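Quick caveat, the model's predicted, so the values are computed rather than measured.
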Amino acid sequence: MRHHPRPTVVMSMCLELDACRYDGEMVRAPFIEKLMPHVDLDPVCPEVEIGLGIPRDPIRLVVVDGARRLVQPATGRDVTDRMDAFSARFLERRGEVDGFILKSRSPSCGIRDTKIFGSIDDPRPLERGQGVFGAAVLERFPNAAVEDEERLTNFRLRHHFLTKLFARASFRNVRSSGKMARLVAF
């Protein structure tokens, strides 16, 4: 049996860890619950970190003058700059990270399926894309294993994620040893 080092995974806190979603709820994700004993978690809720409370009025991505902005429609508050600053600061302070599991469809954490609206009042999205924090993760850690909890319900995607996650952790361990023999064996 092969020994694998424990991967470091940054994870949206609302996934199995804390009731910190905008509605004060926590998201159940059975796979993540099974994964937690085998990884070192670094939980984060970007929305709480920038001062939005629990529960809170939802935020959404809106195109304003051609630029994507993170806005709270109920208050008209634009939190884009705060989220950008938090994302940069948080990700810069992370050392070696092997993977990320982020909340799907979140205007902060989404990695591919976040609704982007044409205005604060528009009920129909123009397109789907990345949330503000999710985009920063993908830019800063382009080679990390990154998925959302919904895609991890698919066996093939989950297998690919786990393979990449544990391979990155193993390679990090080999690299830190500084031994060519371990690199060749890897």
Side-chain angles (χ1 to χ4, degrees), residues 7-17 20-23 25-36 39 41-50 52 58-64 66-73 78-88 90-92 94 97-120 122-168:
T8 300
V9 178
V10 173
M11 188 168 84
S12 292
M13 197 177 300
C14 65
L15 303 175
E16 290 289 341
L17 296 175
C20 61
R21 280 175 41 101
Y22 74 94
D23 58 4
E25 297 292 321
M26 178 172 55
V27 176
R28 294 286 173 205
F31 165 72
I32 292 172
E33 190 175 5
K34 291 177 186 175
L35 178 66
M36 287 194 294
V39 299
L41 288 178
D42 186 358
V44 63
C45 178
E47 294 176 21
V48 170
E49 291 292 336
I50 65 167
L52 300 177
I59 56 176
R60 63 168 37 183
L61 279 173
V62 178
V63 177
V64 177
R68 291 183 184 175
R69 305 298 297 175
L70 195 55
V71 179
Q72 197 171 43
D78 185 324
V79 295
T80 311
D81 295 338
R82 291 175 71 189
M83 185 63 76
D84 285 339
F86 166 75
S87 299
F90 178 85
L91 295 173
E92 183 64 34
R94 301 284 84 60
V97 175
D98 302 303
F100 293 81
I101 302 175
L102 301 174
K103 177 65 187 98
S104 65
R105 299 185 305 236
S106 164
S108 54
C109 291
I111 56 173
R112 65 177 42 88
D113 59 357
T114 300
K115 293 177 182 177
I116 301 165
F117 297 88
S119 73
I120 290 177
D122 194 347
R124 295 176 316 216
L126 293 173
E127 60 181 325
R128 292 182 183 264
Q130 301 164 345
V132 176
F133 181 78
V137 164
L138 294 169
E139 183 177 322
R140 174 95 166 95
F141 293 92
N143 298 314
V146 181
E147 273 302 347
D148 65 49
E149 87 288 357
E150 286 190 359
R151 285 176 46 93
L152 288 173
T153 62
N154 177 296
F155 174 78
R156 287 185 180 160
L157 295 174
R158 184 172 60 240
H159 178 75
H160 178 76
F161 173 81
L162 289 171
T163 300
K164 188 172 185 177
L165 181 69
F166 281 91
R168 285 183 54 84

**OP:** I would like to know whether Val44 and Val10 meet side chain to side chain contact (heavy atoms under 4.5 Å, CB included); could you show each step before the answer?
**Re:** CA-CA 7 Å; Val44 63; Val10 173; 3.8 Å; yes
Where do [X] and [Y] come nearest, in terms of heavy atoms and distance?
X: Cys20; Y: Cys14; answer: SG-N, 3.6 Å
X: Ala145; Y: Phe161; answer: O-CE1, 3.5 Å
X: Ser12; Y: Leu102; answer: OG-CA, 3.3 Å
X: Leu91; Y: Val137; answer: CD1-N, 3.6 Å
X: Asp113; Y: Arg128; answer: O-NH1, 3.2 Å
X: Met83; Y: Ser108; answer: CE-CB, 3.6 Å

To the nearest 0.5 Å, tell me how far [X] [atom1] sits from [Y] [atom2].
X: Met13; Y: Glu47; atom1: CE; atom2: CD; result: 12.0 Å
X: Ser104; Y: Leu15; atom1: OG; atom2: CG; result: 8.0 Å
X: Leu35; Y: Leu152; atom1: CG; atom2: CG; result: 8.5 Å
X: Tyr22; Y: Leu52; atom1: OH; atom2: CG; result: 14.0 Å
X: Ser87; Y: Ile50; atom1: OG; atom2: CD1; result: 8.5 Å
X: Gln72; Y: Asp78; atom1: CD; atom2: CG; result: 10.5 Å

Under 3.5 Å, sequence neighbours excluded: what are the donor-acceptor pairs made by side chains of residues 26-34?
from	atom 1	to	atom 2	distance (Å)
Arg28	NH1	Glu16	OE1	3.2

Could you tell me if the side chain of [Y] sits less than 4.5 Å from the side chain of [X], heavy atoms only?
X: Pro43; Y: Leu17; value: yes
X: Pro7; Y: Phe166; value: yes
X: Leu61; Y: Lys115; value: no

Subject >> Heavy-atom donor-acceptor pair, Arg168 side chain to Asn143 backbone, under 3.5 Å >> reply: yes
Original post:
Would you say Arg69's side chain and Val79's backbone share a donor-acceptor pair under 3.5 angstrom?
Top reply: no
**OP:** Please lay out, stage by stage, how Arg112 and Gln130 fare under the test side chain to side chain contact (heavy atoms under 4.5 Å, CB included).
**Re:** CA-CA 5 Å; Arg112 65 177 42 88; Gln130 301 164 345; 5.6 Å; no
**OP:** Give the C-alpha distance, both sets of side-chain angles, the deciding distance and a yes or no for side chain to side chain contact (heavy atoms under 4.5 Å, CB included) between Leu165 and Val9.
**Re:** CA-CA 9 Å; Leu165 181 69; Val9 178; 3.7 Å; yes
Original post:
How would you list, by chain and number, every residue that makes a side-chain hydrogen bond (donor to acceptor under 3.5 Å, both in side chains) with Thr114, sequence neighbours excluded?
Top reply: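 Once residues adjacent in sequence are excluded, Thr114 has no partner under the side-chain hydrogen bond (donor to acceptor under 3.5 Å, both in side chains) criterion.
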Subject >> Residues that Arg94 engages under side-chain hydrogen bond (donor to acceptor under 3.5 Å, both in side chains), provided they are two or more places apart >> reply: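 If we apply the side-chain hydrogen bond (donor to acceptor under 3.5 Å, both in side chains) test to Arg94, skipping adjacent residues, the hits are Asp42.
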**OP:** Begin from the C-alpha positions of Glu147 and Arg151 and carry the test salt bridge (charged side-chain N to carboxylate O under 4.0 Å, His left out) through to its verdict.
**Re:** CA-CA 7 Å; Glu147 273 302 347; Arg151 285 176 46 93; 2.7 Å; yes
Subject >> salt bridge (Lys or Arg N to Asp or Glu O under 4.0 Å) contacts touching residues 154-166 (sequence neighbours left out) >> reply: none
Original post:
How would you list, by chain and number, every residue that makes a side chain to side chain contact (heavy atoms under 4.5 Å, CB included) with Ser119, sequence neighbours excluded?
Top reply: Asp121, Asp122
Subject >> Glu150 CD: over 12 foreign heavy atoms closer than 6.0 Å >> reply: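 Atom CD in Glu150 is crowded, with more than 12 foreign heavy atoms closer than 6.0 Å.
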**OP:** With sequence neighbours left out, write down each residue that passes salt bridge (charged side-chain N to carboxylate O under 4.0 Å, His left out) with Asp98, or none if nothing qualifies.
**Re:** Arg172
Subject >> Derivation of the side chain to side chain contact (heavy atoms under 4.5 Å, CB included) call for Lys103 and Arg21 >> reply: CA-CA 10 Å; Lys103 177 65 187 98; Arg21 280 175 41 101; 3.4 Å; yes
